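One structure below.
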Amino acid sequence: MSQPCAVSTLTPEAERITHRILALLLPHRRTLERDTHLDTTDAFPEQLKQLGDFVRNNEQVIFSVPGFPCKSPNPDKVFNHLPDHGERLALRSLHSLCLEIEKVYAPGARLLICSDGHIFGDVIGVPDEHIDAYGDELRAMIHAEGLADHLGTFDLRDVYGPDLSYDEKRRTAAENLGPSVEELRAEVRGNDSTLRMYRGITRFLVEDTSDWEGSRSALQRECRRRAYEVILRSRAWSELIAECHPRNVRLSIHPQNRGEEKFGIRLLDAGDAWMTPWHSVPLRRTDGTWELMHRHDAQKVGREVHRDGRPSHFEAIGDDIGRPS
C-alpha cells in the first residue's frame, strides 16, 4: 500500500498542482514493473516532496536527468560517435514535457541534461574527444531546435576547474563521492534493483565490445568487472549533480520502481526497456511513429536517410524518404 505523500505543508492549491505535475510524468515512466496501470501520484512520495519544494515557493521546477553520455562504440548499434535524429527526438520529447507542465503551472519547468559520458568514458572505451564532440553537437542541436528556453546541459567540464585533466576529474569524483567496489558487490547481492542495473550494464558492455580477441567467457568476466566500475562512477556523478544542484527533481533514464529516489523516464519507444538513443538508431515506421533499434536490425527493415550530410535515421521500407519531422 502506498504511503501518504509528504506534501502536508503545502496549501491545498499547491498540493493539487504538485499532483497534476506528477500526473504528467506518469505516462512517461520507465520501469520494468508490469502493473503501471495501477500508478497513482500518491505512490511516488519522494517525487511529490521534490516537486512540492518548488511549487510551495512558486518557482520554476528544475529537473536533473543524467544521460546523453556519448554514442556506443559498437558500429552495429549506431551510425557514428555524433548525435542523430534519435537524440533530436528525445530532446523534443523532454521539451514537450516542460511545455505540458507550463500549462498547469505558470512558472513552468526546465530540465538539466547532466551528460555522464566523461565520468566513465575510459571504462566503456570511448575517447574523451568523441565525448566532447557528442556533447558539443548536442548543445548545438538544442539551440538549433529552439529548445534552449527549457533545456540546459551540465557535464564534467563544468566542475573541478579548468586545470584538471579528465582523468584527474574522474579520479577525484570516484574517490570522494563513489562507493567502494566491495559495497557495490554487497548491494548487488542484496538489492534486486541494483542487481538488474548490474546485469543491464554488463550486457551493454558485452554488446559494445566489438574488438575483443579473447574467449566469450573471458569477455563476460571482464565486462562484469567493468560494470561495477561504471556503477561506481555513475553513483559518484549522481552525488556530484546533487552537490551542484541539490534541489532539482531527480530523473533517470534507467528503469525505476515506485517509491525509489529517482523517477525513471522514457525518452522514446523501444522494444527494450534499457534502449536509449545513444545505443541505437531511430526508425520511422510506416505509420509515422518512431522506434529505437540497433543499426544492424534497422538495416534489415529500412533504408538510411541523411540530414546535413550525416546519417540521421532509417525509414521503414515503403515510406517516401524526406526530411524528418
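Note that the structure is a prediction, hence the values are computed from the model and not measured. Each residue takes its place number in the sequence, starting with 1.
Separating the CE atom in M275 from the CG atom in L267 is a distance of 12.5 Å, to the nearest 0.5 Å. Atom CD in E100 sits 12.5 Å away from atom CD1 in I21 (nearest 0.5 Å). Rounded to the nearest 0.5 angstrom, D53 CG and L48 CG are separated by 12.5 Å. To the nearest 0.5 angstrom, L97 atom CG is 7.0 Å from L24 atom CG. Atoms CZ and CE, on R235 and M197 in that order, are 7.0 Å from each other to the nearest 0.5 Å. The OH atom of Y198 sits 11.0 Å away from atom CZ of R189, with the distance rounded to the nearest 0.5 Å.
By the 4.0 Å N-to-carboxylate-O rule, R310 lies too far from D308 to be salt-bridged with it. Looking at E315 and R285, no side-chain N of the basic residue comes within less than 4.0 Å of a carboxylate O on the acidic one, giving no salt bridge. With respect to the salt-bridge test (charged N to carboxylate O, under 4.0 angstrom), the residues R185 and E182 do not qualify. Salt bridge status for R110 with E102: absent, with no side-chain N to carboxylate O gap under 4.0 Å. For D84 and R295, the salt-bridge test fails: no basic side-chain N is under 4.0 Å from an acidic carboxylate O. Note on D122 versus R233: salt bridge recorded, some NZ/NE/NH1/NH2 to OD/OE distance being below 4.0 Å. Using a 4.0 Å cut-off between charged nitrogen and carboxylate oxygen, E229 and R225 do not count as a salt-bridge pair.
Between L26 and F263 the shortest side-chain heavy-atom distance falls below 4.5 Å. Counting heavy atoms from C-beta on, the side chains of V281 and H294 never come closer than 4.5 Å. At least one side-chain heavy atom of Y134 sits under 4.5 Å from a side-chain heavy atom of K71. Counting heavy atoms from C-beta outward, V126 and H81 have side chains that stay 4.5 Å or more apart. Within the 4.5 Å cutoff, the side chain of E260 has heavy atoms near those of the S193 side chain. The shortest distance between side-chain heavy atoms of F63 and I101 falls below 4.5 Å. V55 places none of its side-chain heavy atoms less than 4.5 Å from the side chain of P107. By the 4.5 Å heavy-atom criterion applied to side chains, S115 and P69 are not counted as neighbours.
Remark: the E145 side chain and the H143 side chain contain no N/O donor-acceptor pair separated by less than 3.5 Å. Side chains of H118 and D132: a donor-acceptor N/O pair is present below 3.5 angstrom, by distance only. Using modelled atom types and a 3.5 Å distance limit, the side chains of S238 and R250 yield a donor-acceptor pair. Donor-acceptor pairing under 3.5 Å is recorded for the side chains of R226 and T209. Inspection of the D167 and S165 side chains reveals no N or O donor paired with an N or O acceptor under 3.5 Å. With hydrogens and angles left out, the side-chain atoms of H95 and R92 include no donor and acceptor closer than 3.5 Å. Judged by distance alone, the side chains of R56 and T9 do bring a donor and an acceptor atom under 3.5 Å apart.
P73 approaches I124 most closely through the heavy-atom pair CG-O, 3.8 Å. Heavy-atom minimum distance, A227 versus L205: N-CD1, 3.5 Å. Residue G86 comes nearest to L268 through the heavy atom pair O-CD1, 3.6 Å, listed as atom of the first residue, atom of the second, then distance. When all heavy atoms are compared, the tightest approach of L292 to P282 is CD2-CA, 4.2 Å. Residues S72 and V78 share a closest heavy-atom pair of O-CG2, 3.3 Å. P66 and I241 make their closest contact through CG-CD1, 3.8 Å (heavy atoms, listed as atom of the first residue, atom of the second, distance).
In this structure, the side-chain contact (heavy atoms from CB on, under 4.5 Å) partners of K169, at least two apart in sequence or on a different chain, are L156, Y160, L164.
Geometrically, R170 does not engage F120 in a cation-pi contact defined by less than 6.0 Å to the ring centre and at most 45° from the axis. Note that R247 lies in the cation-pi zone of F54, set by a 6.0 Å cut-off to the ring centre and a 45° limit from the axis.
Hydrophobic clustering of Ile, Leu, Val, Met, Phe, Trp and Tyr side chains at less than 4.5 Å, counting indirect connections, unites I265 with V104. One hydrophobic cluster holds both V123 and V181 under the rule that ILVMFWY side chains link at heavy-atom gaps under 4.5 Å. Tracing side-chain contacts under 4.5 Å through hydrophobic residues (I, L, V, M, F, W, Y), one reaches L25 starting from L111; they form part of the same cluster.
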For a side-chain contact (heavy atoms from CB on, under 4.5 Å) check, start with the C-alpha distance between R30 and I253, then their side-chain angles and the critical distance, and finish with the verdict. CA-CA 7 Å; R30 189 173 206 166; I253 53 86; 4.0 Å; yes

Start with the C-alpha gap between F204 and K77, add the side-chain angles, then the distance that decides, and say whether side-chain contact (heavy atoms from CB on, under 4.5 Å) holds. CA-CA 11 Å; F204 278 136; K77 286 187 173 184; 3.6 Å; yes

Run the side-chain contact (heavy atoms from CB on, under 4.5 Å) check on L147 and M141 step by step: do they pass? CA-CA 9 Å; L147 311 179; M141 190 177 284; over 6 Å; no

Tell me, with the steps shown, if W290 and F314 meet ring-ring contact (aromatic ring centres under 6.0 Å, His included). CA-CA 10 Å; W290 294 90; F314 281 89; over 10 Å; no

Step by step, work out the side-chain hydrogen bond (donor to acceptor under 3.5 Å, both in side chains) result for H306 and S312. CA-CA 5 Å; H306 286 225; S312 169; over 6 Å; no

List the steps and the verdict of side-chain contact (heavy atoms from CB on, under 4.5 Å) for D155 and C114. CA-CA 6 Å; D155 63 30; C114 302; over 6 Å; no

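Looking at N191, its side chain does come within 3.5 Å of a backbone N or O of T194 through a donor-acceptor pair. Under a 3.5 Å cut-off, the side chain of N176 and the backbone N or O of T172 do form a donor-acceptor pair. A donor-acceptor pair under 3.5 Å links the side-chain atoms of Y105 to the main chain of E59, judged by distance alone. No donor-acceptor pair closer than 3.5 Å links the side chain of W237 to the backbone N or O of L240. A donor-acceptor pair under 3.5 Å is absent between the side-chain atoms of S252 and the main chain of K262, judged by distance alone.
Using cut-offs of 30° and 60° for the angle between ring planes, the F154 and H245 rings count as perpendicular. Between W278 and F68, the angle of the ring planes lies from 30° to 60°, which puts this pair in the tilted group.
Looking at D208, I201, T202 one by one, the single match for side chain to side chain contact (heavy atoms under 4.5 Å, CB included) with C223 turns out to be T202.
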